[in-house]
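Below is one structure, written out as structure tokens, with a few remarks after it.
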Amino acid sequence: RSPWMRHVLRSGWSNVVITLAHEPTVCVGLMSGVQDLSFALDSEFATPDGTCFTAGGYHAAVAIDRIAVYDHTGHRCAEAHELSMRPRTPVTATFTIRGVTIGLDFHWQRQEDQQFHGTLRLKRDTQGRLIVLNEIAVEAYLTSVIASEMSATSPPALLKAHAIISRSWLLAQLPPWKGARAKASAQPYKVGGERHLIRW
């Protein structure tokens, strides 16, 4: 039984048990505020309306009030207010985003190509620039989180603990757990003339 099927939420002295019929998906922001985007698909992807994208390189840009996607020859493949490209073979298919900024505001900040599983979504922000999103199942997302945050040489018990903590934190942000959480109450008080607020 997968860990997301049954989750116990402890609230005070009581437990709330939530059971899901299927694994949740999350939508992860990859880039925002970009004028155009280069990306590659390693296999066939398709939009909900049936537009197919074969394996290869693509370019996306905002054209007036819509997003246009061009193949490597410059042919316009699709145009819409929002694009969602799902892989035909979800388990093995990947897409690669060119020039993703990693380590933002750290001394090692740089741009590199990043590979992802799941669905590639392109939206426009209020200034008419691109927002790049990755829609992915929770367990696949957690695999990438643990692989990027922990060393492969870490003890298995540490990797398992990291997975449990990451999954719990992630699910706590999603419905129905977000709505079921008890809100901690706290009253501000003064210490040495300063107001303090402690929440547990």
Side-chain angles (χ1 to χ4, degrees), residues 23-154 159 162-163 166 169-170 173-174:
E23 182 178 5
T25 59
V26 292
C27 198
V28 183
L30 303 178
M31 298 174 81
S32 63
V34 293
Q35 296 292 80
D36 53 26
L37 174 74
S38 291
F39 64 97
L41 307 176
D42 78 340
S43 61
E44 189 174 283
F45 281 61
T47 62
D49 69 1
T51 303
C52 289
F53 296 85
T54 58
Y58 292 88
H59 180 83
V62 176
I64 307 175
D65 65 338
R66 299 165 76 80
I67 298 167
V69 176
Y70 306 87
D71 66 15
H72 68 282
T73 67
H75 171 73
R76 185 179 293 189
C77 306
E79 187 178 82
H81 292 292
E82 181 176 332
L83 282 166
S84 181
M85 292 170 258
R86 295 184 187 279
R88 296 281 197 193
T89 53
V91 176
T92 58
T94 62
F95 61 90
T96 301
I97 303 295
R98 309 284 184 212
V100 177
T101 301
I102 63 167
L104 190 62
D105 296 330
F106 283 92
H107 67 279
W108 48 272
Q109 177 177 322
R110 65 183 184 275
Q111 288 191 333
E112 67 178 38
D113 297 348
Q114 294 269 296
Q115 190 177 64
F116 303 93
H117 287 277
T119 297
L120 171 61
R121 288 179 56 195
L122 303 177
K123 297 175 70 172
R124 292 170 56 248
D125 64 16
T126 53
Q127 281 78 43
R129 294 170 299 188
L130 287 171
I131 300 172
V132 185
L133 303 163
N134 178 205
E135 194 174 284
I136 189 168
V138 164
E139 294 301 314
Y141 171 70
L142 290 170
T143 300
S144 68
V145 167
I146 295 160
S148 66
E149 293 183 359
M150 303 294 284
S151 168
T153 60
S154 298
L159 297 174
H162 190 284
S166 298
W169 179 87
L170 178 61
Q173 315 306 312
L174 303 175

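Only a predicted model underlies this, so the values are computations on that prediction, with no experimental measurement involved.
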Inset, instruction - Using the test side chain to side chain contact (heavy atoms under 4.5 Å, CB included), find all partners of Thr153 that sit at least two apart in sequence or belong to another chain. - result: Ser151
Legend entry - Separation between CD of Glu149 and NE2 of His162, rounded to the nearest 0.5 Å: 4.0 Å
Inset, instruction - Can you sort out the partners of Arg124 under salt bridge (charged side-chain N to carboxylate O under 4.0 Å, His left out), two or more places apart, ordered by chain and number? - result: none
Inset, instruction - For Thr119 and Pro87, work out which heavy atoms get closest and say how close. - result: OG1-CD, 4.1 Å
Show me the donor-acceptor pairs within less than 3.5 Å that the side chains of residues 37-48 make with the rest of the protein, sequence neighbours left out.
| residue | atom | partner | partner atom | Å |
| --- | --- | --- | --- | --- |
| Asp42 | OD1 | Thr94 | N | 2.9 |
| Asp42 | OD2 | Thr94 | N | 3.4 |
| Asp42 | OD2 | Thr94 | OG1 | 2.9 |
| Glu44 | OE2 | Arg88 | NE | 2.9 |
| Thr47 | OG1 | Asp49 | OD1 | 2.3 |
| Thr47 | OG1 | Thr51 | N | 3.1 |

Legend entry - Under the side-chain hydrogen bond (donor to acceptor under 3.5 Å, both in side chains) test, residues paired with His75 that sit two or more places apart: none
Inset, instruction - Please check if the side chain of His117 supplies one atom and the backbone of Pro90 the other of a donor-acceptor pair under 3.5 Å. - result: no
Inset, instruction - Any chance you could measure Lys123, atom NZ, to Ser32, atom OG, to the nearest 0.5 Å? - result: 12.0 Å
Legend entry - Nearest atoms (heavy-atom pairs only) where Arg121 meets Cys27: NH1-SG, 3.4 Å
Inset, instruction - For Ser166 and Val145, work out which heavy atoms get closest and say how close. - result: OG-CG1, 4.2 Å
Inset, instruction - Tell me, with the steps shown, if Val132 and Leu120 meet side-chain contact (heavy atoms from CB on, under 4.5 Å). - result: CA-CA 7 Å; Val132 185; Leu120 171 61; 3.8 Å; yes
Inset, instruction - Enter the distance from Met85:CE to Cys77:SG here, rounded to the nearest 0.5 Å. - result: 9.5 Å
Show me the donor-acceptor pairs within less than 3.5 Å that the side chains of residues 95-103 make with the rest of the protein, sequence neighbours left out.
| residue | atom | partner | partner atom | Å |
| --- | --- | --- | --- | --- |
| Arg98 | NH1 | Asp113 | OD2 | 3.2 |
| Thr101 | OG1 | Gln111 | NE2 | 3.4 |

Legend entry - All side-chain hydrogen bond (donor to acceptor under 3.5 Å, both in side chains) counterparts of Glu112, not counting sequence neighbours: Arg110, Gln114
Inset, instruction - State which residues pass side-chain hydrogen bond (donor to acceptor under 3.5 Å, both in side chains) with Asp36; sequence neighbours excluded, sorted by chain then number. - result: none
Inset, instruction - Could you list the residues that satisfy side chain to side chain contact (heavy atoms under 4.5 Å, CB included) with Ala63, not counting sequence neighbours? - result: Ala68, Glu79
Inset, instruction - Determine, stepwise, if the pair His81 / Asp65 fulfils side-chain contact (heavy atoms from CB on, under 4.5 Å). - result: CA-CA 7 Å; His81 292 292; Asp65 65 338; 3.6 Å; yes
Inset, instruction - Identify, with sequence neighbours excluded, every residue that meets side chain to side chain contact (heavy atoms under 4.5 Å, CB included) alongside Asp105. - result: Gln109
Inset, instruction - Applying side chain to side chain contact (heavy atoms under 4.5 Å, CB included), name anything that partners Val26, two or more places apart in sequence or on another chain. - result: Val28, Ile136, Val138, Tyr141, Leu170, Leu174
Legend entry - Separation of Asn134 CG from Thr25 OG1 (nearest 0.5 Å): 10.5 Å
Inset, instruction - Could you list the residues that satisfy side-chain hydrogen bond (donor to acceptor under 3.5 Å, both in side chains) with Ser144, not counting sequence neighbours? - result: none
Legend entry - Residues in ring-ring contact (aromatic ring centres under 6.0 Å, His included) contact with Trp108, at least two apart in sequence or another chain: Phe106
Legend entry - Closest contact, heavy atoms only, Val62 versus Gly128: CG2-O, 3.2 Å
Inset, instruction - Kindly indicate whether the side chain of Met31, heavy atoms from C-beta on, has any atom under 4.5 Å from the side chain of Leu130. - result: no
